[in-house]
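Here's the structure we're looking at; comments come further down.
Model, not experiment: these values are computed from the prediction. Side-chain atoms are counted along with the backbone in the values below, which use heavy atoms only and exclude waters and symmetry mates.
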Amino acid sequence: MRKKWINIGKKIAILGMVFSLTSPMVYASSTKDKLDDVQQDKKDTEERLEQVEQKIEELEQLKSDAQEYIKAMDAELAIATDNLEDLENQKVQKEAEIKQTEEELVVAKEVEAEQLASMQVRIQFMYENGNESYLDMIFNSKSIAELLNKAEYVSQIMAYDRQMLEEYQETRAIIEEKEERLTREYQELEVLVAQAEEEKEAIELLISSKAKQLAQYESDIEASEAEVASMQEEMDALDREIAKLEQKIREEEEAARRAAQQQKVVYDGGKFLFPLNSYSRMTSDYGWRIHPIYGTQRLHNGMDFGASTGTPIMAAYDGEVVVSTYSSSAGNYIMINHGGGLSTVYMHCSKLIAKVGDTVKKGDVIGLVGSTGNSTGPHLHFSVRVNGEYVDPAPYIGYSR
């Protein structure tokens, strides 16, 4: 846009130098053209501004979605963190239980060993003193009942030792089984802890990725807002330029009105001549259209007639040549003042014949057809102006559509 604005500035400067040599009415004509260009530039800028603002709305929605996503992921992360912490606590508790069970197993093995040792001592004693003890028990017993009682006592001691040993062995087996079960549970907890850590890391990765997207959205929004601010500045500059041009038009029209009162050229109401002898095929009509070069809708302020390069262009009516020069848009062009606020314009000439100040008659050759300026091929662009405003040329030259 800045480059386009610079080009507009250059066009304004060039046109200003050119038209400083012409009459007040020509000033009004040039200024209106410039005003149309600046107003079109403002319209183009407004369209681009609307597109950027739409982009900002879309980015804001994406930003909002990303924030909601991160919020939801934060909630899931909190749950995953709590779950991981709970599993870690269970793991610590299970380690304590295993340690306690290992200590219980050590004690059980010691008790079992002690019981086995006591039993072994008694068996060894009975083995070493068996005959003598039995003889004492037989001869020292005062009755059969006492003998039987003593024998039963020895048998009970043996049975008790065996029972206690079996119980201690059973206790050790239970503790060993408990230790194995706790170890399995601990291993299962380790697997769950690893899975919980993976889940937590996955959620953190998703949050990190979405946070990067969020940062990009915020950066894009910031850049777009800066672009909007820049375009608003450009539009402010265009508004100021439009205001200046409108004021200038008012001043030039007033000067043109006063100058017209002093002019000797007076339009007598006669019929205009068609400006080309051998060509009358219209290639583009007067009115709104899509510009073939700029691609935007603009007012086509005249009628285009296709013709070969070098074809003579004739003055449509008597008058005074007030412009015979070049511009970047109209190329080589001529403007003839016919009096009474009526003038004709002939654009895109390959050669200018009539000069500023020349008095011409209807049918005089004033230039040759060409394709200079903003043109896509050789043709004559013919316009009619009434009091500085472009009007439909067809009625003036008797052209029937």
Short question: side chain of Thr309, backbone of Pro378 - any donor-acceptor pair under 3.5 Å?
no

Taking the six-membered ring where the residue is Trp, are the ring centres of His381 and Phe305 under 6.0 Å apart?
no

Counting N and O atoms only, with roles assigned by atom type, does the side chain of Ser327 sit under 3.5 Å from a partner on the main chain of Ala330, one being a donor and the other an acceptor?
yes

Close side-chain approach of Glu234 to Arg48, heavy-atom, < 4.5 Å
yes

Thr344 versus His338, side-chain donor and acceptor atoms under 3.5 Å:
yes

Is there a side-chain contact between Leu49 and Met235 (heavy atoms, below 4.5 Å)?
yes

NZ/Lys55: more than 12 non-hydrogen atoms of other groups inside 6.0 Å
no

Taking the side chain as everything from C-beta on, heavy atoms only, tell me whether Gln54 gets closer than 4.5 Å to Gln51.
no

Donor on one side chain, acceptor on other, Gln40 and Asp44, under 3.5 Å
yes

Test: ring-ring contact (aromatic ring centres under 6.0 Å, His included). Region: residues 344-369. Which pairs qualify, not counting sequence neighbours?
Tyr346-Phe382, His348-His379

Listed partners of Tyr286 passing ring pair (Phe, Tyr, Trp, His ring centres under 6.0 Å), at least two apart:
none

Atom pair OG1 (Thr101) and CD (Glu176), whose distance is rounded to the nearest 0.5 Å
11.5 Å

First locate atom CD of Glu320, then atom CD1 of Ile336, and finally report the distance between them rounded to the nearest 0.5 Å.
10.5 Å

So does Asp239 have more than 12 non-hydrogen atoms from other groups sitting under 6.0 Å from CG?
yes

Out of curiosity, Ser324 OG to Ile353 CD1, how far, rounded to the nearest 0.5 Å?
9.5 Å

One should read off an interatomic distance between Met335 CE and Arg385 CZ, to the nearest 0.5 angstrom, of 5.5 Å

Verify side-chain contact (heavy atoms from CB on, under 4.5 Å) between Asn332 and Lys351, making sure each step is shown before the conclusion.
CA-CA 7 Å; Asn332 294 317; Lys351 182 179 179 180; over 6 Å; no

Within the side chain of Thr183, is there an N or O that forms a donor-acceptor pair under 3.5 Å with the backbone of Glu179?
yes

Do any N or O atoms from the side chain of Ser383 and from the backbone of Asn301 form a donor-acceptor pair under 3.5 angstrom?
yes

Residues Met314, Leu276; criterion side-chain contact (heavy atoms from CB on, under 4.5 Å); working and verdict
CA-CA 6 Å; Met314 299 176 294; Leu276 297 173; 5.7 Å; no

Report, one line per pair, each donor and acceptor closer than 3.5 Å where one atom sits in a side chain of residues 188-210; sequence neighbours left out.
from   : atom 1 : to     : atom 2 : distance (Å)
Lys200 : NZ     : Glu204 : OE2    : 2.8
Lys210 : NZ     : Gln213 : OE1    : 3.0

Compute the ring centroids of Tyr267 and Tyr317, then answer whether they are less than 6.0 Å apart.
yes

Mark yes or no for whether Thr311, through its side chain, and Ala307, through its backbone, hold a donor-acceptor pair below 3.5 Å.
no

Taking NZ, NE, NH1 and NH2 as the nitrogens, is one of them in Glu95 or Lys99 under 4.0 Å from a carboxylate oxygen of the other?
no

I want to check something: taking the side chain as every heavy atom from C-beta on, are Val384 and Tyr390 in contact at a cut-off of under 4.5 Å?
no

Could you name each residue pair satisfying side-chain hydrogen bond (donor to acceptor under 3.5 Å, both in side chains) that touches residues 359-373, not counting sequence neighbours?
Ser371-Ser375

Return a table of donor-acceptor pairs under 3.5 angstrom between the side chains of residues 60-70 and protein atoms on other chains or two or more places apart.
from  : atom 1 : to    : atom 2 : distance (Å)
Gln61 : NE2    : Asp65 : OD1    : 2.9

When rounded to the nearest 0.5 Å, the distance separating CG of Leu273 from CG of Asp318 is 10.5 Å

With a 4.5 Å limit on heavy-atom distance, are the side chains of His300 and Asp285 in contact?
no

Can you tell me which residue pairs pass the side-chain hydrogen bond (donor to acceptor under 3.5 Å, both in side chains) test with a partner in residues 218-228, sequence neighbours excluded?
Gln216-Asp220

So for atom CD, which belongs to Glu177, do other residues, nucleotides or ligands contribute more than 12 heavy atoms lying within a distance under 6.0 Å?
no

Asp358 side chain vs Val360 backbone, donor-acceptor pair below 3.5 Å
no

Any donor-acceptor N or O pair under 3.5 Å, side chains Asn89, Glu85:
no

To the nearest 0.5 Å, how far apart are CG in Leu352 and CD1 in Ile334?
5.0 Å

